[in-house]
Undergrad: 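So that we are looking at the same thing, I have put the structure below in structure tokens.
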Amino acid sequence: MEGRPRRPRQTLAEVYRKSRGEGFGPEPGKVVMQLGGQEIDVEILGWYDLGVRVKLPNLAVAAPIKADLIVVRGDGAAANPLQITVKPG
């Protein structure tokens with residue numbers, strides 16, 4: 001169906017997601033989103049020993065797609081991926 005071009009889903013960027021875990025440590029690291037073979041840096045809003053608060057990026061997708069959020073501690077060790085679904089807006 002033709003029509004207007006898809007806009008990035010604004011509500012996705014406004015959603016804050018907590019990834020709970022143990023021992024992220026006091027030293028901030030980074031969070032990346034793996035999506036379709038690419039790694040996208042995710043904005044960190046808060047870093048805590050037992051969790052990380054992030055702001056997900058605006059993404060324009062045509063259909064639901066799986067992505068992984070990976071928390072990398074300050075010492076470089078990575079936590080298990082958290083699988084999310086990015087939905088079209």
Side-chain angles (χ1 to χ4, degrees):
M1 179 176 167
E2 298 216 2
R4 295 177 293 184
R6 289 203 178 273
R7 295 180 305 149
R9 187 172 182 193
Q10 294 297 325
T11 56
L12 184 59
E14 295 166 1
V15 172
Y16 299 100
R17 182 162 190 100
K18 279 190 177 178
S19 174
R20 294 182 188 262
E22 282 191 36
F24 287 144
E27 195 67 34
K30 68 178 185 173
V31 178
V32 295
M33 178 187 289
Q34 290 183 336
L35 177 70
Q38 295 184 337
E39 283 194 357
I40 302 166
D41 287 330
V42 176
E43 182 182 353
I44 296 173
L45 300 175
W47 188 275
Y48 316 97
D49 186 42
L50 297 178
V52 177
R53 180 174 276 200
V54 299
K55 181 177 179 183
L56 300 175
N58 284 328
L59 299 172
V61 296
I65 186 169
K66 300 284 185 197
D68 287 324
L69 288 180
I70 301 171
V71 177
V72 181
R73 298 184 333 195
D75 66 2
N80 291 331
L82 172 66
Q83 190 173 76
I84 63 170
T85 301
V86 179
K87 298 180 181 178

Undergrad: Which atom pair, heavy atoms only, marks the closest approach of Pro88 to Val61?
TA: CB-O, 3.2 Å
Undergrad: Tell me the closest heavy-atom pair linking Phe24 and Tyr48, and the distance in Å.
TA: CB-O, 3.6 Å
Undergrad: Is there a side-chain contact between Ile70 and Glu39 in this structure, where contact means two heavy atoms from C-beta onward sitting under 4.5 Å apart?
TA: no
Undergrad: I'd like to know if Val52 and Val72 are part of one continuous hydrophobic network [Ile/Leu/Val/Met/Phe/Trp/Tyr, side-chain heavy atoms within less than 4.5 Å].
TA: no
Undergrad: What's the shortest heavy-atom distance between Lys55 and Leu45, and which atoms?
TA: CB-CD1, 3.8 Å
Undergrad: Rounded at 0.5 Å granularity, tell me how far CD1 in Ile65 sits from OG1 in Thr85.
TA: 10.0 Å
Undergrad: Do the side chains of Pro57 and Met33 get nearer than 4.5 Å, heavy atoms only?
TA: yes
Undergrad: Are Val32 and Ile40 linked, directly or through intermediate hydrophobic residues, by side-chain heavy-atom contacts shorter than 4.5 Å (ILVMFWY only)?
TA: no
Undergrad: Treating Trp47 as the side-chain partner and Arg73 as the backbone partner, does any N or O pair qualify as donor plus acceptor under 3.5 Å?
TA: no
Undergrad: Less than 4.5 Å apart, side chain to side chain, heavy atoms only: is that true for Leu69 and Leu56?
TA: yes
Undergrad: To the nearest 0.5 Å, what is the distance between CG on Leu59 and CG on Leu35?
TA: 6.0 Å
